[in-house]
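I'd like to ask you about the structure that follows.
For ligands, and for the atoms within them, numbers begin at 1 and follow the listed sequence. Count residues from 1 along the sequence.
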Amino acid sequence: MAEIAIVADPAAGGELAADEIAAACARRPDTVLGVPTGTSARSTWQALEERHGLDMSWMRVFALGEYVGLPAGHPASALASIDREIVAPLRMDPGRVHVPYHVGEDPREAPLWFERDLDAAGGVDVQLLGIGTTGHIGFNEPGSSLTSTTRLKTLHPTTRANHAQYFDHPDQVPVHCVTQGLGTIGRAQQLILLAWGEEKALALAAAVEGPVTSARPGSVIQLHRNALVIADEAAASMLIHADYYRFAWDHRDDVVRIPPHRMSA
Ligand code: GLP
C-alpha cells in the first residue's frame with residue numbers, strides 16, 4: 001500500500017515529489033520519467049526548475065496520454081503542453097519525449113509502438129500521476145481494466161467538461177484519447193500521486209481507502225509496492241485514517257534511530 005504525505009499546500013507537495021525525482025536522476029541520469037498533463041504536477045516542475053544545477057537533459061519522458069483528433073501542434077495536446085511546461089523550463093531534450101499517439105497515426109496501432117518503446121527504455125522509473133474527479137489516472141476512466149495496456153479510450157463527459165478550460169469552446173474537447181493502461185502504469189518502479197483541493201477529496205478517498213475496483217481506476221495504486229500519495233489538507237479531507245497517515249509520515253525515519261539492542265528485544 002501507499003505511503004501518504006499530507007502537506008500544507010501544493011508547493012510543499014511539489015518539493016517532496018521533486019526530491020524523489022532528483023534522487024532518481026542522481027542515481028541514473030537517463031531515468032525514465034512518466035508525466036501527467038494538467039495542473040497537479042505544476043508545483044513539482046516549479047520546484048525542479050528552482051533546483052539549479054540539476055541536469056535533467058538525459059532524462060527520458062513518457063506521457064500518460066494524448067488526445068486523438070486535434071490538429072498537429074494544438075496547444076492543448078500532451079506533446080505541446082509537455083514541451084511548454086516541462087521540457088523547455090527544465091532544459092530537457094525534446095528528442096527524448098514519447099507520447100502514445102501522434103497526429104496521422106492509427107490510434108489502434110500507435111499504442112503498440114508506445115508499449116514497445118517503453119519496454120525498450122526499460123520501463124518507467126518514476127511515474128507522476130494526477131487524479132481526475134471521475135477517479136481516473138492517465139485517461140483510464142471508470143470501467144478500465146486493472147491490467148489494461150496503452151489503448152484508445154473514450155473520455156468521460158465530466159473529464160471533457162473539466163478540460164474545456166484548455167480549449168476555445170467545450171465542443172472542441174476531443175472525445176477520444178490514447179492512454180497508458182492501468183497495467184502499464186502499475187509496471188513503473190515508483191508511483192507518485194498528487195492531489196490538491198477539495199474537488200479531488202472524494203476521488204482520492206476512493207482511490208486510497210475504497211475497494212480496488214475498475215469503477216475507481218485510481219484504486220489500482222493500492223496494488224503497487226512503491227506508491228507515494230501526496231495530498232494537501234483539502235484533498236485529504238475525506239480520508240478516514242488521515243490522522244494515522246500524518247503520524248506515520250512524521251515518524252517515517254525514526255526506525256533508523258532505534259538502537260540495535262532495542263530492535264532485538
Ligand atoms: C487529466 C490527465 C491526467 C491528469 C488528470 C488530473 O485528464 N489525463 O494526466 O493528471 O486528468 O488533471 P489535473 O491535474 O489538471 O487536475
Side-chain angles (χ1 to χ4, degrees), residues 7 9-11 13-14 17 33-47 61-70 74-86 97-101 107 111 114 124 126-144 148 150-167 170 172-182 184-186 188 191-204 206-208 216-221 227-232 234-236:
V7 296
D9 51 35
L33 186 64
V35 301
T37 50
T39 58
S40 299
R42 281 184 184 158
S43 61
T44 303
W45 312 136
Q46 181 74 41
V61 173
F62 281 78
L64 273 171
E66 180 61 284
Y67 296 115
V68 174
L70 292 181
H74 192 289
S77 68
L79 191 59
S81 64
I82 287 169
D83 187 53
R84 186 176 62 240
E85 297 185 17
I86 308 173
V97 176
H98 299 256
V99 294
Y101 171 76
F114 181 81
V124 169
V126 183
Q127 175 67 61
L128 260 66
L129 298 166
I131 187 162
T133 56
T134 63
H136 72 213
I137 54 174
F139 277 129
N140 292 281
E141 300 288 16
S144 294
S148 50
T150 306
R151 71 220 183 283
L152 183 64
K153 283 293 283 183
T154 305
L155 291 172
H156 195 290
T158 301
T159 301
R160 292 188 70 228
N162 290 344
H163 286 221
Q165 59 182 306
Y166 303 118
F167 295 84
Q172 294 173 352
V173 182
V175 171
H176 295 106
C177 64
V178 172
T179 180
Q180 285 193 32
L182 295 175
T184 314
I185 292 169
L191 303 181
I192 303 177
L193 174 62
L194 306 163
W196 323 124
E198 200 183 344
E199 66 276 15
K200 299 293 177 72
L202 188 58
L204 187 71
V208 171
R216 294 291 190 179
S219 64
V220 76
I221 64 161
L228 171 62
V229 173
I230 308 177
D232 64 6

- [ ] Check ligand 1 against Thr39 and write out every atom of the ligand that is under 4.0 Å from a heavy-atom position of the residue.
- [x] 13 (P), 14 (O), 15 (O), 16 (O)
TODO: Report yes if some heavy atom in the side chain of Thr179 is under 4.5 Å from a heavy atom in the side chain of Arg151; otherwise report no.
DONE: yes
TODO: Considering the heavy atoms of Ile131, write down every atom of ligand 1 situated less than 4.0 Å from one of them.
DONE: 6 (C)
Task: Ile137 and ligand 1 - part of the residue with a heavy-atom distance under 4.0 Å - done: neither
Open item on the list: Can you confirm whether Arg160 sits close enough to Val175 that some side-chain heavy atom of one is under 4.5 Å from a side-chain heavy atom of the other?
Closed with: yes
TODO: Mark the output for Asn162 as yes if a heavy-atom distance to ligand 1 is under 4.0 Å, and as no if none is.
DONE: no
Task: Heteroatom proximity flag, Thr159 to ligand 1, N/O under 3.5 Å - done: no
- [ ] Below 4.0 angstrom from a heavy atom of Gly130, which ligand 1 atoms are there? Numbered from 1 as shown, please.
- [x] 10 (O)
Open item on the list: Closer than 4.0 Å to some heavy atom of Lys200 - which atoms of ligand 1 meet that?
Closed with: 13 (P), 16 (O)
Open item on the list: I'd like to know if Gly138 contacts ligand 1, where contact means a heavy-atom distance under 4.0 Å to any ligand atom.
Closed with: yes
- [ ] Name the orientation class of the two ring planes belonging to His163 and His136 (parallel below 30°, tilted from 30 to 60°, perpendicular beyond 60°).
- [x] perpendicular
Open item on the list: For the residue pair Glu141 / Thr159, report whether a side-chain donor-acceptor contact shorter than 3.5 Å exists.
Closed with: yes
TODO: Would you indicate whether the side-chain heavy atoms of Ile86 and Leu33 approach each other to under 4.5 Å?
DONE: no
Open item on the list: Quick one: does any side-chain atom of Ser43 pair with a main-chain N or O of Pro10 as donor and acceptor, under 3.5 Å?
Closed with: yes
Open item on the list: Please check: side-chain N/O of Arg42 versus main-chain N/O of Gly14, any donor-acceptor pairing under 3.5 Å?
Closed with: no
Task: Per-atom contacts, ligand 1 versus Pro36 - under 4.0 Å to a heavy atom - done: 9 (O), 10 (O)
TODO: Would you mind listing which atoms of ligand 1 come within a distance below 4.0 Å of any non-hydrogen atom of Thr37?
DONE: 3 (C), 4 (C), 9 (O), 10 (O)
